[in-house]
Amino acid sequence: MSIWEVIIISLIKILLIVVLMLLTVAYLVYFERKISAWIQNRKGPNRVGWHGLLQPFADVFKLLLKEDIVPEKANKALHTLAPFIALFVAFATYAVIPIGPTIELFGYKINLVVADVNIGVLYVLALTSLGVYGITFAGWSSGSKYSLLGGVRSSAQMISYEVSMGFSIAGVLLLSQSLSPTKIVEAQYGWMWNAILQPIGFITFVVSAFAETNRLPFDLPEAEPELVGGYHTEYSSFKFAGFFLAEYANMIIASMMITTLYLGGYQIPYIDKLGLNQTLTVLLQVGAFLFKTAFMLFFFMWVRWSIPRFRYDQLMNLGWKVMFPLSLLNIVWVAVLIMVFRL
Amino acid sequence: MTTKKRFKDLTFWERLYIPVIIKGLVLTLKTMFKPKVTMEYPEVKFEPPASYRGRPVLVQEKNGVERCVACGLCSRVCPALAIEVQAAETELEKERFPQKFEINMLRCIFCGFCEEVCPEEAIVMSKDYELVFQDRDSAIFGKDKLLVPVENLQDRIDFLRKFKK
Ligand code: SF4
Ligand code: SF4
């Protein structure tokens, strides 16, 4: 393949992923509203289109038609930059997440992943930690105390939970002895899912993922009763939509990470023993990955509408005094697994 | 009597929180499959009970005349100063009638004091809650809009007879 072919194929893949992701996010918002409605005995949006299926587009157009307000006291450059940082981080993470195996199309061998990086897990971790800059900049540059408090809370929260998140992942890496998502998935053959082998690590990782994505019960950065809108109080129109998008995109990434690291990725236990043909197996496996991710996304929303928000001191207590020791304990547990059971 | 538990009184299991969280999640999951209570408003309308205080209306007798004797009590008691009554004489037995009776629906707070104070049971709260105006002038309801035949208000009148003392 010439360099131009590589560039064009990559551009097509990037375009596809961006479009797909925007659509997924749009419908995540729709399902968020539907699920919240169902949990509250309501019907949810059902006016725009069949069962309200066009609602996300109505929402987006409404947001885009709004006036874009920049506060007088704001630091204009950073105020504009912040949502783009958040968006960039969210989008860039998708580059390493494989949506499927290599396929042949028009005589080209195409990898269904934008960038095949062998340190994928590290890349995702590094990028998601960058996301905190978007939020902190947004809070600081708005020139409003509510935004500032939201931003500061967010950075403190993310930094605290990143620690336990990293330590939980360490357990997974010890078992698979690799940083590549594919290898990690392969290491969880059969029922050797990490969620089953190291339940403590699973719980700490999921809880930290909730905190990292600023979802309830850890959505303190945008706690409406105390902070109005939190770090995006002073944002409107497209920039607000940017933060919104980023939040949901992060949620998808978190779900995919949980699936890959703990729920066996695309693996269906012992599917190769059933003697199905190659194509069907691959299709089923992709389906399994999507199903697990979808379930995690549902779980995110389910929790959001069930559990009240933590108080800030409780959040910090939980992060440092509970989650951090637990994730350390998990590493010890994994070490025992490796030493005693020779996994 | 149940006493509030403090953190130090919690058992180990309760401190773990996880069982309680699971309990909560199960509850919301069950709720998701329960029948919905949403009323899809413009198509399905809420039929209020007799105790509902919708917009105040004047009772119109079967012969087409309003019951009101223009005593002005409702206007006097109205906390929002929404009612204006102009009395005049009539040949009928009741001797007085409101030449002009206006309620400014932008001011009315639906407190029901007018209904309560009326000696003739002439002004009652209806079940009408759909009040939309395009401008301020059309929000002032005159007798043409206020008069409602007594048959349509029987529900509320029965309710008042039963509970108003
Ligand atoms: S309901 Fe209350 S506010 Fe309305 S007209 Fe009667 S007394 Fe006035
Ligand atoms: S209190 Fe009754 S009778 Fe007197 S003016 Fe008002 S509506 Fe008429």
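Labels below follow one simple rule: chain letters A, B, ... track the order of the sequence lines, proteins then strands, and each chain is numbered from 1. The figures here come from the full heavy-atom set of this structure, side chains too, leaving out hydrogens, waters and symmetry mates.
Atoms CZ and OG1, from R304(A) and T28(B) in turn, are 14.0 Å apart once rounded to the nearest 0.5 Å. Note that CD1 of I307(A) is 5.0 Å distant from CG of L25(B), once rounded to the nearest 0.5 Å. Taking CE from M39(B) and NZ from K43(A), the interatomic distance works out to 10.0 Å, rounded to the nearest 0.5 Å.
Remark: W333(A) CH2 is loosely packed, at most 12 non-hydrogen atoms of other residues, nucleotides or ligands lying under 6.0 Å away. Other residues, nucleotides and ligands contribute at most 12 non-hydrogen atoms within 6.0 Å of the NZ atom of K66(A). The number of heavy atoms from other shown groups lying within 6.0 Å of CZ (F46(B)) is above 12. Residue F110(B) places its CZ atom among more than 12 non-hydrogen atoms of other residues, nucleotides or ligands, all under 6.0 Å distant. The neighbour count for E151(B) CD, taken as heavy atoms of other residues, nucleotides or ligands under 6.0 Å away, is above 12. For Y129(B), the OH atom counts as densely surrounded, since its 6.0 Å shell holds more than 12 non-hydrogen atoms of other residues, nucleotides or ligands. A 6.0 Å sphere centred on CD of E95(B) holds no more than 12 heavy atoms belonging to other residues, nucleotides or ligands. No more than 12 heavy atoms of other residues, nucleotides or ligands sit less than 6.0 Å from atom CD of Q134(B).
When each of W305(A), F299(A), W302(A) is checked for heavy-atom pairs under 4.5 Å with chain B, W302(A) comes out on top.
For chain B, no part of V322(A) is nearby; none of its heavy atoms comes within less than 4.5 Å.
Residues of residues 29-36 of chain B lying within less than 4.5 angstrom of chain A, judged on heavy atoms, are L29(B), T31(B), M32(B), K34(B), P35(B), K36(B) in numerical order.
Between R47(A) and E43(B) there is a salt bridge, with a side-chain nitrogen of the basic residue lying less than 4.0 Å from a carboxylate oxygen of the acidic one.
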